[in-house]
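Below is one structure; the comments refer to it alone.
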Amino acid sequence: MKKSYTFNHLSRRQVLAGVAAGGAVAAAGTLGMPHIARAADAVKVGVVHPVTGFLQFSGTQCRFGALAAIEEINASGGIKALGGAKLEAVLGDAQSKAEIGAAEVEKFNEAGVSAIVGAYASGICLATTQAAAKYGIPHVVDVGVNDKIVGRGLENTFRFGPGFGSITKAGVDHLIAINEAAGKPTKSVVIVHENTTPFGSFMAGLLEKNLTPAGFEVKEVLPHPTGNKDFNNIALKIKEANPDLVIPSHYYGDGVLFLRTLQRQRVQPKAIYSVLGGASSQYRFVNEFPDAADYVMDCNHWFDPRKAAAQALRKKTEDAGKSFSYEVFLAYEAMMFAADAMERAGSSDRAKIIEAMASSTWSDHFMPYGATKMVNGQNEGAQAMVMQVLNKDIEVVAPKEFATKAAVFPRPA
């Protein structure tokens, strides 16, 4: 039976010593074998996302981004420090369920992956990172924002993008600044969130906690299940509460239906300012329902619009018939981060890759982050930005140094 290593129960020194010892035993078995010249062995990477189930749209988008990165890495010479070794994706489907995601990690371990990238939703990421920790597999989280993911002492776990706390703080801070610059036209708020997964409820709690001290009156907090089929009742409650501001936080399908329902029911608050909105920063939504999307704002993951590499990936994504969404570019950059760690480690060994990730100063990306700085697995330089749909396009309106347009706030009556 293979011996496993649980990161949150062992020190880094113990884990690294154990993994290194296993590698030494494997190497010893080959000493008597004659040398045979051959191409560098491929490095296997587990790619796990919910590509079926209620999260399948976002999961499929993530998979596309991760595989696009692998394609580019291999086309540019593979992992050069490993003699040009190609990356080989081992695909897993979490089926929109945390326990299935964890089971896929077990398969990855048997397949001998050197790292894992995934798994989109926070609940799934909590399960996959814990499962990967048993085997010392480095796991790069692409989208999952729950801060518990990197707050449990799992030394195999790394998140390149920002988490709940950082995004919520940025959302509130930017909202306050935008509101003050406009003469404080919004004072009351209704929060709408999904409550099927930990994501929506946790986000709503953080928003309420941060908005009240900032002087906003939270009139209502309205939960709904993911995959909600009818938002008419919630739209009616918003109309009765008559807030200045509506803050939604949910997944893509619900985001589209919610905003379209507000449009049909003529619910017209002074602003719709989502935080991690499911549809608000999606080109697909803007293209399909431009009237419902008009002037909607969102604090979310976004790329640096000044970077040519981001625009190149957007073109590649759209040429493939897909929408360029945060799922695509976050999974893409997560895979690029993993490949950079392999280059610097000069190894496909899990422990060495973990060390390289922990000490990463990677800056060859197109996110508005600067050089990578991992602290307990979290990239401290990561930040969210605020976007607004203007003239059927998505513009960055904050922070100022990345803005492509000034915010229109409040929106026209």
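Note that the structure is a prediction, hence the values are computed from the model and not measured.
- For the pair R314 and Y283, the cation-pi test (distance below 6.0 Å, angle within 45°) is passed.
- Rounded to the nearest 0.5 angstrom, D291 CG and K392 NZ are separated by 7.0 Å.
- Scanning for salt bridge (Lys or Arg N to Asp or Glu O under 4.0 Å) contacts around K373 gives an empty result, with sequence neighbours left out.
- Shown here are the ring pair (Phe, Tyr, Trp, His ring centres under 6.0 Å) partners of F402, two or more places apart in sequence or in another chain: there are none.
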Practice task
Kindly determine whether Y273 and F409 satisfy ring pair (Phe, Tyr, Trp, His ring centres under 6.0 Å), including the steps that lead there.
Solution key: CA-CA 10 Å; Y273 183 98; F409 189 92; 7.4 Å; no

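- Using the six-membered ring where Trp is involved, Y332 and F366 have ring planes that are parallel, under 30° apart on the 30 and 60° scheme.
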Tabulate below the donor-acceptor pairs under 3.5 Å that side-chain atoms of residues 94-102 make, not counting sequence neighbours, or state none.
from	atom 1	to	atom 2	distance (Å)
S96	OG	T52	O	2.8
S96	OG	F54	N	3.3
S96	OG	L55	N	3.0

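- Every residue two or more places apart in sequence or in another chain that forms a side chain to side chain contact (heavy atoms under 4.5 Å, CB included) with E71 is listed here: K316.
- Partners of F285 under the ring pair (Phe, Tyr, Trp, His ring centres under 6.0 Å) rule, at least two apart in sequence or in another chain, do not exist in this structure.
- Screening residues 57-116 for ring-ring contact (aromatic ring centres under 6.0 Å, His included), with sequence neighbours left out, gives F57-Y252.
- The two atoms that bring G346 and A81 nearest to each other are CA-CB, 3.8 Å, heavy atoms only.
- For the pair V143 and H301, the tightest heavy-atom approach, listed with the atom from each and the gap, is O-NE2, 4.1 Å.
- The residue from D244, I176, V172 that alone fulfils the side chain to side chain contact (heavy atoms under 4.5 Å, CB included) condition with F216 is I176.
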Practice task
Quick one: do K107 and E104 satisfy salt bridge (Lys or Arg N to Asp or Glu O under 4.0 Å)? Show the steps, please.
Solution key: CA-CA 5 Å; K107 296 177 185 177; E104 293 293 80; 3.0 Å; yes

Practice task
For E395 and T404, run side-chain hydrogen bond (donor to acceptor under 3.5 Å, both in side chains): C-alpha distance rounded to whole Å, both residues' side-chain angles, the deciding distance at 0.1 Å, then the answer.
Solution key: CA-CA 6 Å; E395 305 286 354; T404 55; 2.6 Å; yes

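- Side chain of N156 to main chain of I137: a donor-acceptor pair is present (N/O by atom type, distance under 3.5 Å, no hydrogens or angles).
- Nearest approach of A119 to C125, heavy atoms of both residues: N-SG, 3.2 Å.
- The aromatic rings of F199 and Y251 lie tilted to each other, with the angle between the two planes from 30° to 60°.
- Checked by atom type and distance alone, the side chain of R63 never pairs as donor or acceptor with a backbone atom of L91 at under 3.5 Å.
- Looking at D298, its side chain never comes within 3.5 Å of a backbone N or O of S280 through a donor-acceptor pair.
- Under the 3.5 Å distance criterion, the side-chain polar atoms of K237 are left unmatched by any main-chain donor or acceptor of L222.
- For F231 and H224, the ring centers sit closer than 6.0 Å to each other.
- Using bins of under 30°, 30° to 60° and over 60° for the plane-to-plane angle, the ring pair W362/F160 lands in the tilted bin.
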Practice task
Any chance you could lay out the salt bridge (Lys or Arg N to Asp or Glu O under 4.0 Å) test for R159 and D147, step after step, and finish with the verdict?
Solution key: CA-CA 10 Å; R159 182 168 60 195; D147 286 322; 2.7 Å; yes

